[in-house]
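Being a predicted model, the structure only gives us computed values, none of them experimental.
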Amino acid sequence: ALESGRYRVLLREVDHLREAEVTVTAGAVASVAADRMRRIAYARVVRKGGTERRRALSAVVAGGAQGGLLGLNTSWRAQAGARLDLPALALELRLTGGSAATTNERHTIDTHQTGASLAGLRAFDLGPITLGLGLELGGSWLGQRFQDPARKPPALAGTPDRDVLALVLGALAQGDLSLGQRYFLRLEAGVVTYVLPTGNAGDGSRSAIVTWQALVGLGAFL
């Protein structure tokens, strides 16, 4: 019934796809068993179409590092997010936290960061890997606490603590590696810009600080 060659066979279920490749040769019968077909992850089903499923929800937790910010060196960063995959776009709500400490000739500086953002991404499926490119918009609270080392003279004491609200703009690149039907490993890198008040408060002036972030995490479809 078919010409000789290699065929890609899709089985469309209500909420998922199954896929297999079959080689057909002249005068032979090729069989396809549903239980031996590869099941395609939920988000890929949404992007491929052809089923009743039009969205997929997943959760991701990740950890990593962020480049220097407000005079500090590289800081640790933790992130939790919920992602909604739609046919043409993925939306990801992200909650972040981080901390860093450094000591200079005058102070020991502890900085803590808490933020929330929304990212919009376009995903591309390449074999077992899904690549995502997108933009992030959100806000972040940064608190700095200054302590003068005991060995320093009292004249250096009295540096006021600092609390800042910053607008966060970012460009993101993600790579998700499928670990089976439900789980995936994520690698993410981004360039992030913080827009925050300058040290001379009161005149409404702002400054922009550009830094980087890199994360590795684990996700699961819900």
For the atom pair [atom1] ([X]) and [atom2] ([Y]), what is the distance rounded to the nearest 0.5 Å?
X: Leu131; Y: Leu187; atom1: CG; atom2: CG; answer: 10.5 Å
X: Leu165; Y: Tyr194; atom1: CG; atom2: OH; answer: 12.5 Å
X: Leu218; Y: Leu177; atom1: CG; atom2: CG; answer: 11.0 Å
X: Asp163; Y: His112; atom1: CG; atom2: NE2; answer: 11.0 Å
X: Leu142; Y: Ser75; atom1: CG; atom2: OG; answer: 9.5 Å
X: Leu133; Y: Leu121; atom1: CG; atom2: CG; answer: 8.0 Å

Can you name the side-chain contact (heavy atoms from CB on, under 4.5 Å) partners of [X], sequence neighbours left out?
X: Glu21; value: Arg6
X: Ser4; value: Ala26
X: Ala30; value: Val22, Val24
X: Ala62; value: Leu215

Could you tell me which non-hydrogen atom of [X] sits nearest to which non-hydrogen atom of [Y], and how far apart they are?
X: Leu91; Y: Gly120; value: CD2-CA, 4.2 Å
X: Thr96; Y: Gln79; value: CG2-OE1, 3.4 Å
X: Val9; Y: Met37; value: O-CE, 3.5 Å
X: Ser117; Y: Leu93; value: O-CD1, 3.5 Å

Do we see a donor-acceptor contact under 3.5 Å between the side chains of Gln66 and Gln113?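 A pair is found: one side chain offers a donor N or O, the other an acceptor, under 3.5 Å apart.
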Under the ring-ring contact (aromatic ring centres under 6.0 Å, His included) rule, what pairs show up with a residue in residues 160-190, not counting sequence neighbours? Phe184-Phe221
Output every pair passing ring-ring contact (aromatic ring centres under 6.0 Å, His included) with a member in residues 113-142, not counting sequence neighbours, ordered by first then second residue. none
Side chains of [X] and [Y]: closer than 4.5 Å at any heavy-atom pair?
X: Glu136; Y: Leu118; answer: no
X: Leu196; Y: Ser207; answer: yes
X: Leu169; Y: Leu137; answer: yes
X: Val216; Y: Leu185; answer: yes
X: Arg206; Y: Val195; answer: yes
X: Val164; Y: Pro197; answer: yes
X: Val192; Y: Val168; answer: yes

Can you list every pair that meets side-chain hydrogen bond (donor to acceptor under 3.5 Å, both in side chains) and has a residue in residues 29-38, with sequence neighbours left out?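 Pairs touching residues 29-38 that pass the test: Glu19-Arg38.
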Is Val32 reachable from Leu11 through a run of I, L, V, M, F, W or Y residues, each pair having side-chain heavy atoms under 4.5 Å apart?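 Looking at the clustering, Val32 is in the same group as Leu11.
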May I have the step-by-step check of side-chain contact (heavy atoms from CB on, under 4.5 Å) for Leu10 and Arg18, ending in yes or no? CA-CA 6 Å; Leu10 290 177; Arg18 291 187 180 273; over 6 Å; no
To which residues is [X] joined in a hydrophobic cluster, defined by side-chain heavy-atom contacts under 4.5 Å among Ile, Leu, Val, Met, Phe, Trp and Tyr, whether direct or through other members?
X: Leu57; value: Leu222
X: Val29; value: none
X: Leu135; value: none
X: Val191; value: Val210

Please output the side-chain donor-acceptor pairs of residues 80-90 that fall under 3.5 Å, not counting sequence neighbours, one pair per line with the distance.
{"unit_1": "Arg83", "atom_1": "NE", "unit_2": "Asp85", "atom_2": "OD1", "d": "3.4"}
{"unit_1": "Arg83", "atom_1": "NE", "unit_2": "Asp85", "atom_2": "OD2", "d": "3.2"}
{"unit_1": "Arg83", "atom_1": "NH1", "unit_2": "Gln174", "atom_2": "OE1", "d": "2.9"}
{"unit_1": "Arg83", "atom_1": "NH2", "unit_2": "Asp85", "atom_2": "OD1", "d": "3.3"}
{"unit_1": "Asp85", "atom_1": "OD1", "unit_2": "Arg47", "atom_2": "NH1", "d": "3.0"}

Hey, is Glu92 close enough to Arg186 for a salt bridge, meaning N to O under 4.0 Å? yes
